[in-house]
Amino acid sequence: MAALSKSIPHNCYEIGHTWHPSCRVSFLQVTWGALEESLKIYAPLYLIAAILRKRKLDYYLYKLLPEILQSASFLTANGALYITFFCTLRRGLLTIYMANLATETLFRMGVARGAITTLRNGEVLLFCITAAMYMFFFRCKDGLKGFTFSALRFIVGKEEIPTHSYSPEAAYAKVEQKREKQEEKPRRMHIIYLVRKLVNLICKHGPRHRCCKHYEDNCISYCIKGFIRMFSVGYLIQCCLRIPSAFRHLFTKPSRLLSLFYNKENFQLGAFLGSFVSIYKGTSCFLRWIRNLDDELHAIIAGFLAGISMMFYKSTTISMYLASKLVETMYFKGIEAGKVPYFPHADTIIYSISTAICFQAAVMEVQTLRPSYWKFLLRLTKGRFAVMNRKALDVFGTGASKHFQGFVPRLDPRYTVVKPELPIEFS
């Protein structure tokens with residue numbers, strides 16, 4: 001507690017906006033930089049989403065621009081208002097530090113009581129539990145709705161949905177019609193025709209339980225096809241994400257284009273998605289064979305085992321995001337059932353608290369912040385978040401300058417309270 005009694009005799013220029021002594025100018029610079037980056041992020045995002053959703057002309061004329069500006073202004077406000085209150089409150093750093101201390105104290109209390117322990121591959125275990133619950137809700141009638149349901153249906157297929165709008169007889173009829181049409185194709189596609197017929201022959205005569213709804217395939221080919229399909233999707237997604245950085249070096253380093261297709265992360269994401277689907281489908285089929293019935297409870301076991309696939313692509317971000325969305329889903333289900341109360345504006349309050357924690361970490365202890373989020377903050381503020389005078393904050397004992405060793409801001413002595421460590425001559 002000794003550090004709390006200490007004070008820092010610096011103004012907001014000496015600690016916060018070290019690049020310019022004026023609070024007003026610094027605010028405008030941060031706001032403009034945040035707005036510029038926000039537009040770069042949201043403009044292509046909304047445009048691509050509109051194209052994929054096949055929006056009509058009226059949307060592009062009247063709704064696209066307002067939605068882009070709304071999201072951009074929201075993100076811009078995060079950076080602009082933070083620097084505003086930083087200058088207005090001046091000593092708000094102690095409050096930020098106390099929020100950090102409260103969070104750390106809660107964590108230490110949990111560890112002391114054995115409620116919180118650090119686990120190896122903890123993100124994988126969390127994903128297994130989350131996947132088990134998601135797949136259970138997916139299999140239940142009206143368990144999931146909207147985008148989440150559509151996404152899972154795309155990943156694992158509609159065959160795993162217990163209720164279908166068509167009967168088994170109708171499904172078999174559709175399969176037979178499809179095969180007849182394929183056989184009527186011209187003989188000039190002879191090789192493709194033979195390969196397809198061979199695949200159909202394997203799928204038709206392999207083992208398939210009567211409770212399984214994948215009528216076109218046997219259980220083995222059903223799992224193999226699921227792996228190949230989602231492996232391809234994961235591989236292509238990772239390739240697309242790397243396209244901007246690859247083409248940025250198109251003329252300077254053409255050899256880097258090869259990394260677009262032969263990158264380790266491409267195969268890791270593909271293996272993650274492919275193995276998740278194949279393990280889930282394989283386990284579901286196995287349980288149908290063992291128990292001789294199709295039960296929603298199978299999804300809990302299948303989903304948990306499928307979660308092990310994250311060993312190929314470990315991501316705390318994915319695990320935490322899906323877990324938080326699961327809590328949100330269960331909360332709204334509780335509201336619908338009348339089991340839990342509804343709190344108005346709860347999302348705003350949670351977001352505000354979360355933003356406060358992340359921003360205090362960005363100031364007081366960058367080493368605890370997620371690297372990707374730190375890079376995002378640097379991008380949003382045009383690198384200005386990195387030029388804060390964190391050396392003056394080491395008095396609070398959080399190691400604020402740990403990752404900024406040797407950095408000393410170029411301060412104008414005319415506007416400082418404390419004489420700069422390395423005075424710079426100004427003309």
Side-chain angles (χ1 to χ4, degrees), residues 117-141 143-144 148-164 203 206-214 217-235 237-238 265 267-327 329-330 333:
T117 55
T118 55
L119 295 175
R120 186 182 179 184
N121 299 321
E123 69 275 28
V124 178
L125 178 60
L126 178 62
F127 181 72
C128 289
I129 298 172
T130 304
M133 297 306 300
Y134 263 121
M135 301 316 300
F136 173 71
F137 287 131
F138 176 71
R139 288 294 308 273
C140 293
K141 186 177 181 181
L144 292 176
T148 306
F149 177 80
S150 301
L152 287 177
R153 182 175 60 182
F154 170 78
I155 293 173
V156 300
K158 64 182 180 181
E159 297 86 1
E160 295 300 328
I161 305 175
T163 54
H164 292 271
C203 296
R208 184 185 66 81
H209 193 269
R210 64 179 184 83
C211 294
C212 294
K213 297 181 175 66
H214 46 87
D217 305 305
N218 62 62
C219 294
I220 298 175
S221 63
Y222 176 59
C223 298
I224 295 175
K225 283 185 176 181
F227 176 85
I228 295 174
R229 175 174 169 270
M230 289 311 300
F231 178 89
S232 303
V233 171
Y235 178 85
I237 288 175
Q238 198 65 39
E265 293 183 359
F267 296 97
Q268 287 177 332
L269 182 59
F272 165 51
L273 293 178
S275 59
F276 179 87
V277 173
S278 58
I279 293 173
Y280 178 80
K281 290 183 174 183
T283 305
S284 298
C285 289
F286 176 76
L287 292 174
R288 285 191 282 261
W289 279 91
I290 295 298
R291 300 190 64 202
N292 200 31
L293 58 87
D294 190 20
D295 192 352
E296 289 84 355
L297 294 176
H298 292 173
I300 297 179
I301 301 175
F304 185 88
L305 294 178
I308 302 175
S309 60
M310 182 166 270
M311 294 295 292
F312 291 107
Y313 193 81
K314 294 182 181 180
S315 174
T316 305
T317 303
I318 294 176
S319 296
M320 292 297 297
Y321 175 77
L322 292 178
S324 62
K325 292 296 292 184
L326 177 63
V327 172
T329 300
M330 297 178 69
K333 283 185 172 295

- Query: About how many Å separate NZ of Lys325 and OG1 of Thr148, when rounded to the nearest 0.5 Å?
  - Reply: 6.0 Å

- Message: Tyr134: which residues meet the side-chain hydrogen bond (donor to acceptor under 3.5 Å, both in side chains) condition with it, sequence neighbours left out?
- Response: none

- Task: First locate atom CD1 of Ile318, then atom OG1 of Thr130, and finally report the distance between them rounded to the nearest 0.5 Å.
- Result: 11.5 Å

- Side chain proximity check, Arg229 to Val277, heavy atoms < 4.5 angstrom: no

- Should we count CZ of Phe267 as having more than 12 external heavy atoms under 6.0 Å? yes

- Query: Which pair of non-hydrogen atoms, one from Leu293 and one from Cys211, has the smallest distance, and what is that distance?
  - Reply: CA-SG, 3.7 Å

- Note on the structure: Closest non-hydrogen atoms of Ser319 and Met310, given as atom of the first, atom of the second and distance, are OG-SD, 3.2 Å

- From CA spacing to verdict: ring pair (Phe, Tyr, Trp, His ring centres under 6.0 Å), Phe312, Phe276: CA-CA 10 Å; Phe312 291 107; Phe276 179 87; over 10 Å; no

- Hey, is CD1 on Ile220 packed in by over 12 heavy atoms from elsewhere, all under 6.0 Å? no

- Which atom pair, heavy atoms only, marks the closest approach of Ala271 to Phe227? O-CE1, 4.4 Å

- Query: Side chains of His298 and Arg139: is there a donor and an acceptor less than 3.5 Å apart?
  - Reply: no

- Got a second to check how far Leu287's CG is from Leu305's CG, nearest 0.5 Å? 8.5 Å

- Item | Carboxylate-amine/guanidinium contact Asp295 Arg288, below 4.0 Å | no

- Message: Can you tell me how far apart CD1 (Ile155) and CE (Met230) are? Round to the nearest 0.5 Å.
- Response: 5.0 Å

- Looking at residues at least two apart in the chain, or sitting in another chain, which of them share a side chain to side chain contact (heavy atoms under 4.5 Å, CB included) with Arg153? Phe138, Phe149, Ser150, Lys158, Ile161

- Apply side chain to side chain contact (heavy atoms under 4.5 Å, CB included) to Ile279 and Phe304, showing your working. CA-CA 10 Å; Ile279 293 173; Phe304 185 88; over 6 Å; no

- Query: Hey, does Val124 have a side-chain heavy atom less than 4.5 Å from the side chain of Tyr313?
  - Reply: no

- Query: CG of Leu326 to CG of Leu144: how many Å apart, nearest 0.5 Å?
  - Reply: 9.0 Å

- Task: List for me each residue that meets ring pair (Phe, Tyr, Trp, His ring centres under 6.0 Å) alongside Tyr280, sequence neighbours excluded, and say none if there are none.
- Result: none

- Message: Cation-pi check for Phe137 against Lys333: NZ or CZ below 6.0 Å from the six-membered ring centre and within 45 degrees of the axis, yes or no?
- Response: yes

- Item | Taking every non-hydrogen atom, the tightest pair across Val156 and Lys281 | O-CE, 2.9 Å

- Is there a side-chain contact between Ser315 and Glu123 (heavy atoms, below 4.5 Å)? no

- Any side-chain heavy-atom pair of Cys212 and Tyr222 under 4.5 Å: no

- CG (Leu273) and OG (Ser278) are apart, to the nearest 0.5 Å, by 10.5 Å

